[in-house]
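Chain letters run A, B, ... following the sequence lines, proteins first and then strands; every chain starts at 1.
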Amino acid sequence: MDGLFYDMNNQLIYTVTQINNYSADLLKKELSNVWVSGEISSLKKYPSGFAYLTLKDSISELSCISNHEVISNIEVGMEVTINGSIDIYTIKGNYQFRINNVFLKGKGNLWLKYNKLKDKLSKEGLFDMKYKKKLPSLPQNIGIITSKEGSVLSDIRNIVNRRSPYVSLFVMDTKVSGKNAVTSICESIKNFNELKYIDVIIIARGGGSIEDLSVFNEEKLVREIFKLNTPVISAIGHETDFTLCDFVSDLRASTPSEAAQLCCISTRELLEKICYDFDKIISKIQYSINNKQENLSRIDLVINKKLEKNMIINKQERVEFFLNLIQKRIIDKKNFLLSLIKSNEKVFKKYDDYKIKKLGYSIIKKNNTIITDIDKLNKNDNIEIDMYNGYVNAKIKELNKHEK
Amino acid sequence: MKNKKEPQNFEDALKELEELSEMIQDDSTSLDQMLEIFERGSYLSKYCKNKLANVDEKISILIKKNENIEKKELK
């Protein structure tokens, strides 16, 4: 409880609201789904749908609250047994009894009969969990046992059309109240049991008095439902009404609308599921491709590193190679230049000889040797006189040496 | 993929799609297998979406006549 307060002596002190809430909790826990018998001493129905009544015995009174449908057959002065829970109106601190069901004592003690039958069938095992069939995960053909007319069918249709329009409804038009109701409902159940394409059956009926709903407490009907091979949902009366059909069915819905909601998954949910599953496939593929690409680029990287290493080696080799090449070129060039110089020298020499000879100087050779000294010549020697455009063989007649 | 056939119904298709989405998570699945799963998965998800897109209300009244149950569309 929030904000509990303790005084100087460590004594717990409640606020009014706290004590009322606390009492309400305790009473709800201890006194829910209990049976009380007495006489109706006052009854007032309000347009809001609520009804207030007082139940009394020879000594005490009990304030009760209910809705119009539950007490539709009730009048002041009747001896009744009511089923329900104690509830505290915390703002006023009053307590009242919230009625779920009313059984008239005069009418053959309906509730006693109800309880006896319930015990009997329960002992036989008709309500055992082990016989409960699982609802199909995705029913598409839904069988409905209810009256073709009336709000129950349109409630179910509304829900199905809004949430799950992909579902097909099959209605077995059935009398759900009155004299022949039990026979009619049993007939519909038998018929549906032959139709293998029906995925799930809803037995539905709107709210009513306990007498109206007592059809669904008939032993014959309960046993017929138990024999069904198709999963069945009971949606009878209001949330507070419990019939034996509810116990024998595979699932109990508090209203026909809830039955429709329980058995068909909405289109939106299904689309989400489809997208979720398909996305899972796509993202896995994307992940794998990315992974493979990463592997590829990792391999690329390794190759590149190797290549780079190779290139470094190559570079060193290349530098050496070029150095050699350049050195060789330089040497070649040098040799070429040297040879060029040499050949040029010869050319120049020849050219000089020619120029000199053309000026009138001639070269005298004796035995192919150039003679520049007259002392090396004698009379009658044979000589060759080399001129710019030819040579002459001559014999020396006279030698005259210059005087110093 | 061993199961190339038309799904029996919506429920089957949805179940198969779910199985495929689980199957592909296995790291031993090859890229080729993945592409096959992708192909089948996209077929199944289209199939399911088409089924869901079928929004015509279908409600029939069943009437028992001479031991046969007849179907009558209700408007």
Got a second to check how far [X]'s [atom1] is from [Y]'s [atom2], nearest 0.5 Å?
X	Y	atom1	atom2	result
Lys51(B)	Leu270(A)	NZ	CG	13.0 Å
Gln25(B)	Ser283(A)	CD	OG	6.5 Å
Ile285(A)	Gln33(B)	CD1	CD	11.5 Å
Ile281(A)	Glu39(B)	CD1	CD	12.0 Å
Phe278(A)	Glu18(B)	CZ	CD	15.5 Å
Asn191(A)	Leu62(B)	CG	CG	8.5 Å

Taking every non-hydrogen atom, the tightest pair across Gln140(A) and Phe10(B):
OE1-CB, 3.5 Å
Check whether more than 12 heavy atoms from other residues, nucleotides or ligands sit under 6.0 Å from atom [atom1] of [X], and answer yes or no.
X	atom1	answer
Lys46(B)	NZ	no
Lys273(A)	NZ	yes
Lys280(A)	NZ	yes

Chi angles and distances behind the side-chain contact (heavy atoms from CB on, under 4.5 Å) call for Leu17(B), Ile274(A):
CA-CA 8 Å; Leu17(B) 182 64; Ile274(A) 294 166; 3.9 Å; yes
Top residue by heavy-atom pair count (under 4.5 Å) with chain A, among [options]?
options	value
Ser60(B), Ala13(B), Cys48(B)	Ser60(B)
Asn9(B), Asp27(B), Leu14(B), Leu35(B)	Leu14(B)
Thr29(B), Ile24(B), Ile61(B)	Ile24(B)

CA sep, side-chain torsions, deciding dist, call: Asp26(B), Lys284(A), salt bridge (Lys or Arg N to Asp or Glu O under 4.0 Å)
CA-CA 10 Å; Asp26(B) 187 345; Lys284(A) 176 69 183 181; over 6 Å; no
Checking [X] against chain B: side chain, backbone, both or neither under 4.5 Å from a heavy atom?
X	answer
Ile144(A)	neither
Ser164(A)	neither
Ile282(A)	side chain
Phe192(A)	side chain

Interchain contact, Ser42(B) with chain A, by part (heavy-atom threshold 4.5 Å)
both
side-chain contact (heavy atoms from CB on, under 4.5 Å) between Lys49(B) and Cys275(A): does it pass, once the steps are laid out?
CA-CA 10 Å; Lys49(B) 282 178 185 168; Cys275(A) 291; 4.1 Å; yes
